[in-house]
Amino acid sequence: MPARAEPEPCREQDLGLFEIVVRDGAARIGRLHTLHGSLQTPTLLPVINPNLRTIEPREMWEKYGVDALITNSYVIWKHDDLKEKALSDGIHSLLDYPGVVMTDSGTFQSYVYGDVEVGVGEIVDFQRDIGVDIGTMLDVFGRPDMSREELEDCVQETVSRAPESLQAAGKKMLLNGPIQGGTHQDLRAEAASLMGSAKGEGRGFCVHPLGGIVPLMEKQRYRELFEALMAARSTIPSDRPIHMFGCGHPMLFPMAIALGADLFDSAAYALFARDDRLLSPEGTVKLEGLTEWPVSSAALFGRTTEEVREMDKDERSTLLAHHNLEVTQTELARCREAVREGRIWQLAERRSHANPQLREAFLWVLDQLEEMPDEPSGETALQMLASTNPVRMGREDLSEDVGSRPHILHLHALLSMRWRVPGSWWDGSEGKPERVVIIDSVPPPWRMSALGAAVEALLENPRSLVMIPTPLGPIPFSMEDVSPWCHLECSDETWLEVFDDEEIWEGLEELGLEDMPLVRASPVEIPDGKKSSEIRQWLDRCSIVDKLSVLCAVPPIEACKLTGEMEVRRSNTDRIVNVFDNQQHILSPRLNDGGISLALEGASRLNSNPNPPALFGEPLSDPDNDHPGIPRVRLLEDAIPFVGKGRNVMHGYIRGADPHLIPGQPCLVVDDAGNLVAHGLAITTPREMSQLSKGVAVRVREGALRGD
Ligand code: GUN
């Protein structure tokens, strides 16, 4: 195998910056820029004990693609030979490792053995002098069994050591700013806010580890672990990756990542191996008593359990450590791929069944998402939902928890907040709807299976609200091709079954239709005739109006104006491909997820709000409006010529963004006077746009200043 190339140092101006490359709600694929490479996250930094290298760092780099590792600077500092070599040759040479080196500071030793002898500035000086990429200040370990007063002291003492530590780190070393606070949500949130705003003369902290969580993991107190993560996340600045100190069991990765954790470190691969235990994404397996391998790896392949049990102790632990590291790396790769596919939540949901404590923790998180309590975890739950693209491609697997997935909660919240009954009907009449017609026993695609019944219901009474029943509740026929609804993976029996009136009523109540007479209809052929085609045209228009108002916050009246004279081009599977008005292409339905893709003409017509978005930090003019218009991003003047010609909007060039902007959905880019500069898809949230300084914020589809 050819040797893996050494990493490239980042550009000087990027050192310590974190960017979000892909996101799935709170989960993100990010990049942290360092002098030993741009570190892709989420990732795990294996712990290297400099006195006992179970797997050589060089092998981790070459064979396992480990881009970053963590070792302990206090252990090196205490050991004369190691200290001397580290000071003369540097930490990368001491470890024989070319990637990112993070070090810890001795705090964990003080938790295990009592006090440490090193000073606050001294240990950071040492980490800087041995060429560490990401050091750690000497924080004060807050044990979960401490009293509230003691935990407050841990937070305060850690915060008070921050300026000296940041000062000592200098220009080149990045620093971890640990967040303590035990199991008190308010203390975690306060610690995160204080550590997040701490400054030395140069930059602040670049990474925020969650500290004091090892005792929670040892006792499998996962609910409190994730509670601490959610609480801290409510106030950690978005431009800082979150590290879970000492968290390395693969079973915990999907959920931690789904809640926004970016970095993990752990000696579990080596410690468990020494104890003859195998890691698996579904828990830990004891070697003793195994007949075959319940979890596979290249390390174990071709060996029998018997053979491994009979190995010499050291050889066996090294082999099992290789297995454990491999399984850990594989699960992280699986998580990153799930983020790219928009399926991290489904993976977390699946893994939650691995262990009763993990399941309890998962159910607690679902409660936060549904109830949004008035505490830091509720604030994080709200941020999570708002940052989750509600529509997505691909199949949606059914499970007992399907309705609580963040993108589905978000989609249903948008539907109940923004969907409105039509203002006028296909026959030109106006006024209130007279009934709800539910079309029973129809599987998707509903434009094929339910269209006939929809047309017939509207012929019979033009003021009918036609709805499709789904296991997630009834949806308006106008949203029939919106995924996940149309991609729910149900058996034929589920689709053919008739949903109970009670389930239907619950859904109708969400949409404010509980007082409407309800009629059930069955599928029929599409009726012929002029009226039928008029109805179909009206249904096409409803579909565009409803998607614009539900997904893009366009006031329904404006969406009606935009589509008043609309004409469509259809695909050979009878789906609308383009929407025109006066021969001008204004938008297209997105065929893969049922959302809306604007064309420049549509973007320009929808840019009707005379006031540009408020600047970051300024109060909003109308915070309670359900349809505040298509969300906009307000650009810094310097970037206008570039973005106007179609370049992406980069972080650092944004002055304000509408708070209802949703990642993955269309947005406009405007100047200070509110003029259109471009339109595109938001990648990050308004909060992230105000805090990040690197990476793409809006993927621009078209600049409005082309040819100028
Ligand atoms: N390793 C595990 N937990 C901690 C912690 O709280 N602080 C530091 N510095 N290292 C840790």
Side-chain angles (χ1 to χ4, degrees), residues 3-4 6-7 9 15-16 34-37 39 45-62 66-141 161 164-176 178 200 202 206-207 209 243 245-246 265-267 269-271 274 314 317-318 321:
R4 195 180 160 204
E6 307 266 308
L15 182 60
T34 83
L35 292 176
H36 287 85
L39 185 61
L45 294 82
V47 174
I48 300 292
N49 179 340
N51 289 312
L52 187 82
R53 302 164 169 207
T54 314
I55 301 179
E56 275 298 317
R58 179 56 67 175
E59 189 183 356
M60 291 199 175
W61 172 262
E62 298 288 351
V66 168
D67 294 325
L69 51 76
I70 183 166
T71 188
N72 199 297
S73 63
Y74 180 68
V75 172
I76 299 173
W77 181 82
K78 286 251 299 182
H79 189 295
D80 288 343
D81 287 353
L82 291 173
K83 182 177 185 176
E84 198 179 313
K85 188 159 185 331
L87 282 169
S88 62
D89 303 348
I91 186 76
H92 292 82
S93 165
L94 176 77
L95 298 175
D96 182 25
Y97 181 72
V100 178
V101 175
M102 182 187 275
T103 42
D104 203 347
S105 55
T107 299
F108 195 66
Q109 280 66 21
S110 75
Y111 156 65
V112 179
Y113 307 113
D115 265 354
V116 289
E117 307 137 25
V118 75
V120 171
E122 194 179 6
I123 194 65
V124 180
D125 285 344
F126 178 66
Q127 295 174 79
R128 182 199 61 218
D129 291 345
I130 62 175
V132 162
D133 294 295
I134 309 170
T136 304
M137 64 167 284
L138 193 67
D139 52 319
V140 183
F141 196 99
R161 294 176 180 182
E164 180 186 352
S165 307
L166 284 164
Q167 196 62 28
K171 286 209 168 85
K172 285 194 172 166
M173 187 172 76
L174 313 179
L175 205 59
N176 277 326
C206 288
V207 177
H243 180 145
F245 255 151
D265 80 83
S266 169
Y269 72 100
L271 298 178
R274 228 170 286 157
D314 284 350
S317 336
T318 307

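This is a predicted model, so every value here is computed, not measured.
Between the Q127 side chain and the V132 main chain, no donor and acceptor come within less than 3.5 Å of each other. Remark: the backbone N or O of G99 is paired with a side-chain donor or acceptor of H92 at under 3.5 angstrom. Side chain of T107 to backbone of F141: no donor-acceptor contact under 3.5 angstrom is found. Formation of a donor-acceptor pair under 3.5 Å by the Y97 side chain with backbone atoms of E56 is not found in this model. Judged by distance alone, the side chain of D265 and the main-chain N or O of P46 form no donor-acceptor pair under 3.5 Å.
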*asked:* T34 vs L174, test: side chain to side chain contact (heavy atoms under 4.5 Å, CB included). Steps then yes/no.
replied: CA-CA 8 Å; T34 83; L174 313 179; 4.3 Å; yes

*Given side chain to side chain contact (heavy atoms under 4.5 Å, CB included), test L95 with L69 step by step and report yes or no.*
CA-CA 10 Å; L95 298 175; L69 51 76; 3.8 Å; yes

_Worked verdict on Y74 versus L138 for side chain to side chain contact (heavy atoms under 4.5 Å, CB included)_ = CA-CA 10 Å; Y74 180 68; L138 193 67; over 6 Å; no

*Apply side chain to side chain contact (heavy atoms under 4.5 Å, CB included) to L82 and W77, showing your working.*
CA-CA 7 Å; L82 291 173; W77 181 82; over 6 Å; no

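Counted within 6.0 Å of NZ on K85, heavy atoms from surrounding residues, nucleotides or ligands total more than 12; the atom is thus considered enclosed.
In this structure, P98 and P7 approach most closely via the heavy-atom pair O-CG, 3.2 Å. Nearest heavy atom pair, residue A267 against residue V47, reads N-CG2, 3.5 Å. In terms of heavy-atom proximity, S105 sits nearest to S73 at CA-OG, 3.8 Å. The shortest non-hydrogen separation linking V120 to I123 is O-CG2, 3.7 Å. Taking every heavy atom of both residues into account, L15 and K172 meet most closely at CD2-O, 3.7 Å.
In this structure, the side chains of L87 and I130 come closer than 4.5 Å at one or more pairs of heavy atoms. Side-chain contact between Q109 and K78 is absent, with no heavy atoms from C-beta onward closer than 4.5 Å. Taking 4.5 Å as the limit, some side-chain heavy atom of L94 sits within range of a side-chain heavy atom of I76. Side-chain contact between V124 and E164 is absent, with no heavy-atom pair separated by less than 4.5 Å. Inter-residue side-chain proximity for L52 and R274 is flagged as met; some heavy-atom pair is nearer than 4.5 Å.
M102 CE to L175 CG: the interatomic distance, rounded to the nearest 0.5 Å, is 10.0 Å. To the nearest 0.5 Å, the span separating NE2 on H36 from CD1 on I134 amounts to 11.5 Å. Between the CE atom of M173 and the OG atom of S165 there is a distance of 9.0 Å, given to the nearest 0.5 Å. Taken from CG in D314 to OG1 in T54, the straight-line distance is 9.5 Å, to the nearest 0.5 Å. For the atom pair T318 OG1 and R53 CZ, the distance stands at 14.0 Å (nearest 0.5 Å).
Put simply, the residue from T103, D139, T136, D104 that forms a side-chain hydrogen bond (donor to acceptor under 3.5 Å, both in side chains) with N176 is T136.
Ionic pairing of E59 and R4 is not present here: no N-O contact between side-chain nitrogen and carboxylate oxygen is shorter than 4.0 angstrom. Salt-bridge formation is detected for the pair D125/R128: a Lys NZ or Arg NE/NH1/NH2 atom is positioned less than 4.0 Å from an Asp or Glu carboxylate oxygen.
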